[in-house]
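Only one structure is covered here, and it is reproduced in the block below.
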2 protein chains.
Amino acid sequence: METGQRGDQRTAAQRRRTELLEAAERVVLRDGPEASMNAIAAEAGITKPILYRHFGDKSGLYRALAKRHTDALLATLRAALDSPGDRRDRVEATLHAYLSAIETRPQVYRFLMHPAEAPSDEKGFDVGRHSVPLLRRMGEDLGEVIAERLDLGPDTRQVARVWGHGIVGMMYAAGDWWLGERPLSRDLLVRHLADLLWGRLAETGDRAGSRGL
Amino acid sequence: METGQRGDQRTAAQRRRTELLEAAERVVLRDGPEASMNAIAAEAGITKPILYRHFGDKSGLYRALAKRHTDALLATLRAALDSPGDRRDRVEATLHAYLSAIETRPQVYRFLMHPAEAPSDEKGFDVGRHSVPLLRRMGEDLGEVIAERLDLGPDTRQVARVWGHGIVGMMYAAGDWWLGERPLSRDLLVRHLADLLWGRLAETGDRAGSRGL
DNA sequence: ACATGCTAGTTACTTGCGGTAACAGCAGTC
DNA sequence: GACTGCTGTTACCGCAAGTAACTAGCATGT
């Protein structure tokens with residue numbers, strides 16, 4: 001909000017900024033996150049120093065880029081969390097929303113989560129570190145929702161935060177694995193995860209002859 | 001033949017390799033994962049090309065470095081999974097083992113998981129991409145254990161893998177958040193996570209006046 | 001009209017890193 | 001002694017991040 005008012009002037013720099021972000025996005029989605037600042041600048045039809053004026057450094061650019069998608073994804077999840085039905089329905093809807101998001105735009109997902117690893121390039125290695133912000137924000141958000149809606153005793157807030165981060169992590173790791181191998185349908189994955197959350201781990205009996213989990 | 005001398009000759013390269021790895025570890029733990037190959041070589045008392053002869057490229061070195069710790073951590077977790085007591089005890093023991101590991105050696109943990117983010121340097125940015133291997137391996141391992149010990153119906157193996165990755169992700173994200181903020185004791189964290197796994201989410205009633213989770 | 005200042009843009013550079021040639025000494029081995 | 005193989009070196013390439021210094025337009029205040 002430190003933008004000087006000035007009406008139309010105000011948006012001039014802002015608009016340019018989003019133009020640059022869109023160009024950057026195009027390049028990142030095409031070349032992967034190891035895209036050079038030069039390449040991004042070229043795509044935007046300008047040269048490096050301007051990028052630096054707008055975003056400070058590469059990290060700043062990437063953060064700005066990540067923020068857009070993070071915000072969008074969080075909004076989607078929030079909506080799913082408010083969907084109709086009983087609790088289990090809502091949980092499944094949220095899982096579906098997340099998995100569907102990463103499934104339909106894996107490029108974006110890879111950028112947000114582990115920005116290295118080019119598709120056809122096996123030796124992928126490089127830059128990044130945006131996953132933490134996204135994961136954290138999702139965890140905190142979910143924690144808040146849980147704290148709002150559930151009564152978990154005296155330290156509800158604390159428990160809710162733990163659960164928020166835990167559930168998000170579950171969703172994240174399972175989703176990441178699933179996206180890589182696709183060994184089952186999304187429906188099934190959602191059902192199994194919801195089962196896990198619904199305490200089926202505790203209820204299931206030991207396998208005959210095993211020491212028991 | 002000369003395989004005598006306890007295979008000194010045979011292990012000569014191997015020993016050198018581990019020496020280099022130890023030097024690399026020292027540097028990485030001191031300077032963070034953005035340590036340069038030059039710095040690592042200097043610490044080992046040699047120069048770059050030798051590192052490249054041994055590890056191919058930087059990614060190779062880091063993989064080798066990561067593998068040692070990953071193997072160690074996995075062994076620890078396996079042991080915890082075999083600890084005495086009932087299932088809940090074992091689950092809690094495993095969570096404790098993991099959290100204790102990341103708590104006592106956060107530097108190593110940061111390197112394995114998100115190799116950027118220098119301690120005092122907020123704008124941290126750089127290299128890495130080892131988290132996936134560790135997370136995946138933990139998930140697969142846990143999935144195997146679950147499949148061995150639980151009977152989850154016709155497609156036990158699939159469900160077990162989903163759960164393995166899910167639980168590991170839960171542990172990971174909650175642990176990562178906890179390590180950063182430390183808002184509660186490890187004991188409590190473990191209990192809350194175990195509660196979550198034990199289906200308390202499903203059992204808990206809605207908060208009065210809320211739409212319900 | 002003129003200097004002034006602001007903003008978007010440029011070229012050309014420095015620094016530092018990953019990675020590689022090419023070469024040097026020094027085992028042992030036929 | 002010549003051959004091979006290992007460990008080590010110096011000196012370089014290419015490339016990407018980031019910066020300094022300058023230029024062109026375009027509004028102003030007096």
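Proteins get letters first, then strands, A, B, ... in listed order; numbering begins at 1 in each. Every value quoted in this text rests on a predicted model; they were computed, and no experiment measured them.
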* Partner set under side-chain hydrogen bond (donor to acceptor under 3.5 Å, both in side chains) for A/Lys67, not counting sequence neighbours -> A/Asp71
* Structure fact -> B/Arg15 CZ to D/dC6 P, in whole Å, measures 16 Å
* Contact list for DNA chain D against residues 46-56 of chain B - heavy-atom distance below 4.0 Å -> B/Ile46, B/Thr47, B/Pro49, B/Ile50, B/Arg53
* Just jot down the side-chain hydrogen bond (donor to acceptor under 3.5 Å, both in side chains) partners of B/Asp187, sequence neighbours excluded, or say none. => B/His96
* Asked: Given atom CD of B/Gln14 and atom P of D/dT7, what is their separation to the nearest angstrom?
  -> 11 Å
* Asked: Could you give all pairs that pass the salt bridge (Lys or Arg N to Asp or Glu O under 4.0 Å) test and reach residues 165-174 of chain B, with sequence neighbours left out?
  -> none
* To do: Name all residues meeting the salt bridge (Lys or Arg N to Asp or Glu O under 4.0 Å) criterion together with B/Arg26; count only those two or more places apart in sequence or in a different chain, and write none if there are none.
  => B/Glu43
* **Pairing residues for B/Glu92 by the side-chain hydrogen bond (donor to acceptor under 3.5 Å, both in side chains) criterion, not counting sequence neighbours** => B/Arg88
* To do: Take the protein atom CG of B/Asn38 and the nucleotide atom P of D/dA11, then report the distance between them rounded to whole Å.
  => 14 Å
* Residue-level proximity of residues 16-27 of chain A to DNA chain C when a heavy atom falls under 4.0 Å -> A/Arg16
* Quick one: A/Lys58 NZ to D/dC15 P, roughly how many Å, whole number? -> 15 Å
* To do: Tell me, please, which residues at least two apart from B/Glu19 pass salt bridge (Lys or Arg N to Asp or Glu O under 4.0 Å).
  => B/Arg16
* May I ask you to establish whether A/Arg161 and A/Trp163 are in a cation-pi arrangement, using a distance under 6.0 Å from NZ or CZ to the six-membered ring centre and at most 45° from the ring axis? => no
* Contacts of type salt bridge (Lys or Arg N to Asp or Glu O under 4.0 Å), residue A/Arg17, not counting sequence neighbours -> none
* **Value in whole Å for how far the C1' atom of C/dG18 lies from CD of B/Glu34** => 15 Å
